[in-house]
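Some notes on the structure that comes next.
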Amino acid sequence: MEKIKAGYSRVCFSPDKPVNMNSTKIGETVYEDIYTTALYLEQGALRTLVIHMDVRNVYTYFSNTVRPMIFEATGVPVENIFLHTPHNH
């Protein structure tokens with residue numbers, strides 16, 4: 001059995017200026033930084049990428065747009081790219 005290779009990255013993407021949180025509320029202060037974290041796993045020809053984003057949700061349109069772009073940049077097959085959000089309260 002081939003060894004599993006793994007890679008990890010975490011990037012802060014907190015806004016540096018006020019942002020529209022929804023149609024009625026403007027977020028003006030960052031109380032806690034928000035991050036995107038990626039875990040890359042490879043075993044032989046199998047490659048998988050799990051991306052966690054500190055956002056409320058990921059819409060299908062976003063996922064269907066971004067996953068092919070990630071494939072182009074990384075070579076990880078679209079069906080092996082998983083986008084995850086916590087949506088906790």
Side-chain angles (χ1 to χ4, degrees):
M1 179 175 281
E2 296 186 45
K3 290 186 178 183
I4 296 175
K5 297 177 185 177
Y8 167 88
S9 181
R10 187 174 192 215
V11 176
C12 178
F13 67 100
S14 299
D16 57 359
K17 58 185 175 184
V19 293
N20 186 351
M21 303 296 285
N22 58 40
S23 61
T24 60
K25 182 179 178 184
I26 302 292
E28 296 185 9
T29 304
V30 174
Y31 294 102
E32 213 174 302
D33 283 330
I34 52 179
Y35 294 89
T36 292
T37 305
L39 173 65
Y40 173 80
L41 300 170
E42 178 182 311
Q43 186 176 30
L46 178 61
R47 294 178 291 169
T48 302
L49 186 58
V50 180
I51 301 172
H52 171 88
M53 297 166 283
D54 289 342
V55 296
R56 186 177 68 174
N57 55 23
V58 171
Y59 293 104
T60 302
Y61 173 80
F62 177 82
S63 177
N64 290 343
T65 301
V66 169
R67 289 169 61 228
M69 295 167 71
I70 294 169
F71 164 73
E72 291 295 325
T74 65
V76 175
V78 171
E79 61 271 13
N80 293 354
I81 299 170
F82 301 93
L83 304 179
H84 173 264
T85 62
H87 190 102
N88 56 29
H89 296 266

Taking only residues two or more places apart in sequence or in another chain, which ones pass side-chain contact (heavy atoms from CB on, under 4.5 Å) with Tyr31?
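In terms of side-chain contact (heavy atoms from CB on, under 4.5 Å), with neighbours along the sequence ignored, Tyr31 is linked to Thr29.
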Counterpart residues, side-chain contact (heavy atoms from CB on, under 4.5 Å), relative to Thr65 (two or more places apart)
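Residues passing side-chain contact (heavy atoms from CB on, under 4.5 Å) with Thr65: Tyr61, Met69.
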Name every donor-acceptor pair, under 3.5 Å, that has one atom in a side chain of residues 38-52 and the other anywhere in the protein, sequence neighbours excluded.
residue, atom, partner, partner atom, Å
Tyr40, OH, Glu42, OE1, 2.5
Gln43, NE2, Glu2, O, 2.7
Arg47, NH2, Gly75, O, 2.8
His52, ND1, His84, ND1, 2.7
His52, NE2, Asp54, OD1, 3.0

Could you tell me the separation between the [atom1] atom of [X] and the [atom2] atom of [Y], rounded to the nearest 0.5 Å?
X     : Y     : atom1 : atom2 : result
Tyr35 : Ser9  : OH    : OG    : 12.0 Å
Thr85 : Met53 : OG1   : CE    : 6.5 Å
Leu83 : Arg67 : CG    : CZ    : 6.5 Å
Asn80 : Ile70 : CG    : CD1   : 12.0 Å

Using side chain to side chain contact (heavy atoms under 4.5 Å, CB included), reason through Val55 and Phe13 one step at a time and then give a plain yes or no.
CA-CA 10 Å; Val55 296; Phe13 67 100; 3.8 Å; yes
Heavy-atom check, side chain of Ile81 versus side chain of Ser63, under 4.5 Å
no
Output all residues satisfying side chain to side chain donor-acceptor pair (under 3.5 Å) with Asp33, sequence neighbours left out; order by chain, then residue number.
Ser14
Write down the atom of Glu79, the atom of Phe82, and the distance for their closest heavy-atom approach.
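Shortest heavy-atom contact: O-CZ, 3.7 Å.
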